Amino acid sequence: MIDDAATFQIAFYIVSPIATFLAVGTAYLAIYRQSKPSIVIYYEPSPDVQTVIDLVICNHGSGAARDIEFSNPIPINCWGLDSPEPVDSSKFMNSKIPVLAPGKELRFQAGQYKGLISQINNNFSIRAKYTYRTPLRNKKNGEDVSILDLRYMKYMNTKNSAAHDLSDALKGRNNTIFLKVNRNLESIDNKLGLIASSLASKDETE
């Protein structure tokens, strides 16, 4: 009986620290995963101008990513609907991003389908390298890989949003009733200015 109790006590002293270590390790691993960034890069149709494609760089993780750099310049400013226009690769996205908080995204006008597809092959991969802080505030390096694909956008809608059309109309960029009203108001304003100048000149001569 005494031997059994002694054996149990020894086993307890051995197993207990191991169990405690595993519990602490599991908890730390869970917190560590929650603090790691996850950088995702992709193209998607612009929500306003449906002939335009946006480049989106998003942090889907739970920690802030710092000093984000890319393995290759990411094609943007590549225009052309029916055929690609001349591309200036010096305007590609290749700048270091100082910090990208969890759940935040950066959005760039990437161009149009024909212009972009001339620069993107079927397996165009981009590695995003960055640094982040662990729960113990240690600095670590991270890396995520994204595959950029445009083929699913080949037959995308070419209709603009109502908000974009209204904005263009108010700025006089398209031929709508707003543009005609604006021109009429400008004409009336010019005529009123001439009448005011004429009356002022008449008063001076009298």
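Computed from a prediction, not measured in an experiment: that's the story for all the values here.
The nearest pair of heavy atoms linking Val87 to Cys78 is CG1-SG, 3.9 Å. Across all non-hydrogen atoms, the minimal contact from Pro45 to Tyr152 is CD-OH, 4.3 Å. Contact between Pro102 and Gly61 at its shortest, heavy atoms only, is CB-O, 3.5 Å. Residue Phe92 comes nearest to Ile74 through the heavy atom pair CB-O, 3.3 Å, listed as atom of the first residue, atom of the second, then distance. The minimum heavy-atom distance linking Leu55 with Met93 is given by the pair CD2-CB, 4.2 Å. In this structure, Ile39 and Ala65 approach most closely via the heavy-atom pair CD1-CB, 3.8 Å.
Within the 4.5 Å cutoff, the side chain of Val145 has no heavy atoms near those of the Ser71 side chain. Counting only heavy atoms from C-beta outward, the side chains of Lys114 and Ser83 never approach each other to under 4.5 Å. Inter-residue side-chain proximity for Pro75 and Tyr43 is flagged as met; some heavy-atom pair is nearer than 4.5 Å. The closest side-chain heavy-atom distance from Tyr113 to Thr51 is not below 4.5 Å. Here the side chains of Asp144 and Tyr130 are in contact, with some heavy-atom distance below 4.5 Å. You'll find the side chain of Asn59 stays beyond 4.5 Å of the side chain of Lys104, heavy atoms only.
Taking hydrophobic clusters as Ile, Leu, Val, Met, Phe, Trp and Tyr residues chained together by side-chain heavy-atom distances below 4.5 Å, Leu116 does not share a cluster with Tyr42. Hydrophobic clustering (ILVMFWY, side-chain heavy atoms < 4.5 Å, transitive): Leu148 and Leu106 are in one cluster. By the rule that hydrophobic residues join a cluster once side-chain heavy atoms approach within less than 4.5 Å of another member, Met153 and Ile57 end up as members of one cluster. Note on Ile97 and Val40: separate hydrophobic clusters, where clusters join Ile, Leu, Val, Met, Phe, Trp and Tyr whose side-chain heavy atoms are under 4.5 Å apart, directly or indirectly. Both Phe108 and Ile53 are assigned to one and the same hydrophobic cluster, defined by single-linkage of ILVMFWY side chains at heavy-atom distances under 4.5 Å.
Going from atom CG of Asn141 over to atom OH of Tyr132 covers 8.5 Å, rounded to the nearest 0.5 Å. Distance check, rounded to the nearest 0.5 Å: CD1 of Ile41 to OG of Ser125 gives 10.0 Å. Distance CD/Gln112 to CD1/Ile117: 13.5 Å, rounded to 0.5 Å. For the atom pair NZ of Lys139 and CZ of Arg66, the computed distance is 9.5 Å after rounding to the nearest 0.5 Å. Atom NZ of Lys36 is separated from atom NZ of Lys140 by 9.0 Å, given to the nearest 0.5 angstrom. Considering OG1 of Thr131 and CD of Glu69, their distance stands at 9.5 Å, rounded to 0.5 Å.
By the neighbour-count criterion of 12 heavy atoms within 6.0 Å, atom CZ of Arg127 is sparsely surrounded, having that number or fewer from other residues, nucleotides or ligands. Enclosure of atom CG in Asp88 by more than 12 non-hydrogen atoms of other residues, nucleotides or ligands within 6.0 angstrom is indicated.
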>> Using side chain to side chain contact (heavy atoms under 4.5 Å, CB included), reason through Gln109 and Asp54 one step at a time and then give a plain yes or no.
In response: CA-CA 5 Å; Gln109 274 198 343; Asp54 287 347; 4.1 Å; yes

